[in-house]
Asker: 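Just dropping this structure here.
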Amino acid sequence: MATVGVNHPTPLDATSEPPPLFDGTTRLYSSYICPFAQRVWITRNFKGLQDEIKLVPLNLGNRPAWYKEKVYPENKVPALEHNGKIIGESLDLIKYVDNNFGGPSLLPDDPAKREFAEELIAYTDTFNKTVFTSFKGDTVKEAGPAFDHLENALHKFDDGPFFLGQFSLADIAFVPFVERFQIFLSEVFKYDITAGRPKLAKWIEEINKIDAYKQTKTDPIELVEFYKARFLALPS
């Protein structure tokens with residue numbers, strides 16, 4: 001298992017040569033700033049697949065031309081090169097990695113928990129859109145119900161601090177975004193997403209004890225600057 005503070009590979013940019021593509025190596029094309037890619041990175045780490053799935057980070061601001069031409073025409077991350085094909089879309093990929101590789105399963109056998117996992121994972125796009133949209137409006141009022149939804153979901157099973165009790169794909173689907181929203185909303189809007197939400201506070205505390213996640217966390221200072229430029233830039 002990799003350790004916290006591990007040296008991550010240097011991102012490839014427009015000047016970088018491609019790796020030996022489709023040579024049998026399984027590669028996860030990623031980006032350190034992308035929350036969608038982070039989902040798959042956490043899944044890979046938790047299942048102990050660091051040696052089996054090679055991490056290939058890209059510089060999204062200056063991405064290599066060969067990536068679109070030879071790897072993934074969509075030209076986005078994450079993408080997985082496995083068994084001679086490329087698979088994309090983060091929610092599909094976390095399920096694919098869980099189903100097609102060794103390591104601990106990230107979905108329980110309990111049918112009720114599996115059904116709830118599907119409901120939660122289906123809600124992630126709505127959750128993200130609601131919070132991102134709130135940055136341009138009455139942030140606390142508009143984002144609040146999305147975080148209330150998570151707080152309520154965390155009451156469903158009481159056999160652990162996570163959505164399904166134990167750590168699962170449902171947690172992985174949300175945590176990269178909750179991580180970013182918590183930092184940005186606190187710094188810019190002075191809004192604490194855990195205030196009045198004890199289950200969410202506990203969830204964040206417990207998930208931060210998981211090495212597989214901690215190794216993937218984004219730099220908070222860089223994140224705030226990136227989001228300020230992206231979401232709060234004043235029109236010229």
Side-chain angles (χ1 to χ4, degrees), residues 8-47 49-50 52-101 106-107 117-118 120-133 135 169-181 184 212-213 215-219 222-223 226-227 229-231 233:
H8 299 314
T10 303
L12 304 182
D13 63 17
T15 67
S16 306
E17 290 296 314
L21 303 171
F22 304 108
D23 63 346
T25 304
T26 302
R27 296 182 176 89
L28 172 60
Y29 295 93
S30 185
S31 163
Y32 297 138
I33 63 165
C34 175
F36 296 98
Q38 189 181 358
R39 286 169 166 166
V40 194
W41 189 11
I42 296 166
T43 306
R44 165 216 187 238
N45 289 0
F46 190 81
K47 291 177 74 71
L49 301 169
Q50 288 88 338
E52 204 168 329
I53 301 178
K54 182 178 170 63
L55 189 68
V56 183
L58 303 180
N59 178 341
L60 297 186
N62 185 25
R63 66 191 84 185
W66 53 257
Y67 182 65
K68 180 178 182 180
E69 292 163 6
K70 298 179 180 176
V71 179
Y72 193 35
E74 300 280 334
N75 203 23
K76 59 185 184 178
V77 294
L80 188 75
E81 177 186 333
H82 182 230
N83 286 347
K85 62 180 187 290
I86 294 288
I87 305 140
E89 299 303 327
S90 64
L91 294 176
D92 294 337
L93 271 174
I94 59 174
K95 294 174 186 174
Y96 181 88
V97 170
D98 194 36
N99 289 331
N100 289 278
F101 293 86
L106 278 159
L107 276 180
E118 286 300 331
L120 280 170
I121 290 169
Y123 172 67
T124 58
D125 285 348
T126 302
F127 171 77
N128 295 337
K129 187 176 179 184
T130 301
V131 181
F132 279 127
T133 303
F135 295 165
L169 294 182
D171 305 295
I172 290 172
F174 281 96
V175 71
F177 294 91
V178 173
E179 172 191 326
R180 287 160 173 77
F181 294 153
F184 188 65
Y213 163 62
Q215 296 158 13
T216 71
K217 288 178 71 169
T218 192
D219 181 297
E222 285 180 22
L223 170 82
F226 178 67
Y227 270 22
R230 183 168 176 186
F231 297 108

Asker: To the nearest 0.5 Å, how far apart are CG in Leu91 and CD1 in Ile121?
Answerer: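 Atom-to-atom, Leu91:CG and Ile121:CD1 are 6.5 Å apart.
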Asker: Are any non-hydrogen side-chain atoms of Gln50 and Asn45 less than 4.5 angstrom apart?
Answerer: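 Gln50 reaches Asn45 side chain to side chain.
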Asker: Among all residues two or more places apart in sequence or in another chain, which pass the side chain to side chain contact (heavy atoms under 4.5 Å, CB included) test with Asn59?
Answerer: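 By the side chain to side chain contact (heavy atoms under 4.5 Å, CB included) rule, Asn59 matches Pro11, Asp13, Asn62.
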Asker: Minimum heavy-atom separation for Gly88 to Leu93, with atom names?
Answerer: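 In this case the closest contact between Gly88 and Leu93 is O-CG, 3.9 Å.
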Asker: To the nearest 0.5 Å, tell me how far Leu120 CG sits from Asp171 CG.
Answerer: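 Taking CG in Leu120 and CG in Asp171, the distance rounds to 8.5 Å.
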Asker: Apply side chain to side chain contact (heavy atoms under 4.5 Å, CB included) to the pair Thr124 and Phe177, showing each step before the final yes or no.
Answerer: CA-CA 9 Å; Thr124 58; Phe177 294 91; over 6 Å; no
Asker: Applying side chain to side chain contact (heavy atoms under 4.5 Å, CB included), run through Glu52 and Thr26 and close with a yes or a no.
Answerer: CA-CA 7 Å; Glu52 204 168 329; Thr26 302; 5.7 Å; no
Asker: Drop me the distance from Ile42's CD1 to Ser90's OG, to the nearest 0.5 angstrom.
Answerer: 10.5 Å
Asker: So which atom in Ile33 and which in Arg180 form the shortest heavy-atom distance, rounded to 0.1 Å?
Answerer: O-NH2, 3.3 Å
Asker: When rounded to the nearest 0.5 angstrom, what is the spacing between CD1 in Ile172 and CH2 in Trp41?
Answerer: 13.5 Å
Asker: Between Arg39 and Ala173 (side chain of the first, backbone of the second, donor and acceptor by atom type, cut-off under 3.5 Å), is there such a pair?
Answerer: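 Checked: pair present.
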Asker: My understanding is that only residues two or more places apart in sequence, or in another chain, count here; which of them pass salt bridge (Lys or Arg N to Asp or Glu O under 4.0 Å) with Glu89?
Answerer: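 Applying salt bridge (Lys or Arg N to Asp or Glu O under 4.0 Å) to Glu89 gives Lys76.
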Asker: Quick one: which residue pairs count as a ring pair (Phe, Tyr, Trp, His ring centres under 6.0 Å) with a foot in residues 58-78, not counting sequence neighbours?
Answerer: Tyr29-Tyr67
Asker: Indicate the atoms forming the closest heavy-atom contact of Leu21 with Lys70, along with that distance.
Answerer: CD1-CB, 3.7 Å
Asker: Could you tell me which residues satisfy side chain to side chain contact (heavy atoms under 4.5 Å, CB included) with Glu222, sequence neighbours excluded, listed by chain and number?
Answerer: Asp219
Asker: Taking Glu81 for the side chain and Phe22 for the main chain, is one N or O donor matched with an acceptor at less than 3.5 Å?
Answerer: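 Here the side-chain-to-backbone pair exists.
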Asker: Over 60° means perpendicular and under 30° means parallel, so classify the ring planes of Phe174 and Phe127, tilted if in between.
Answerer: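 Taking Phe174 first and then Phe127, their aromatic rings stand perpendicular (interplane angle over 60°).
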Asker: Phe231: which residues meet the side chain to side chain contact (heavy atoms under 4.5 Å, CB included) condition with it, sequence neighbours left out?
Answerer: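 Checked Phe231 against side chain to side chain contact (heavy atoms under 4.5 Å, CB included); matches are Phe132, Phe135, Tyr227.
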Asker: Does a side-chain heavy-atom distance below 4.5 Å link Pro57 with Pro9?
Answerer: yes
Asker: Between atom OG of Ser16 and atom CZ of Arg63, what is the distance when rounded to the nearest 0.5 Å?
Answerer: 13.5 Å
Asker: Would you please name every residue forming a side chain to side chain contact (heavy atoms under 4.5 Å, CB included) with Tyr96, sequence neighbours left out?
Answerer: Leu80, His82, Lys85, Ile87, Asn100, Phe101
Asker: For His8 and Gln215, indicate whether the former's side chain and the latter's backbone hold a donor-acceptor pair under 3.5 Å.
Answerer: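 Yes, the answer is positive, given that a donor and an acceptor are paired below the 3.5 Å cut-off.
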Asker: Would you say the side-chain atoms of Glu179 and Tyr213 include a donor-acceptor pair closer than 3.5 Å?
Answerer: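 Yes - a donor-acceptor pair under 3.5 Å links their side chains.
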Asker: So how far is it from Leu49 CG to Leu55 CG, rounded to the nearest 0.5 Å?
Answerer: 12.0 Å
Asker: What verdict does the side chain to side chain contact (heavy atoms under 4.5 Å, CB included) test give for Val56 and Leu28, after you've listed the backbone C-alpha separation in whole Å, the side-chain angles of each residue and the deciding distance to 0.1 Å?
Answerer: CA-CA 6 Å; Val56 183; Leu28 172 60; over 6 Å; no
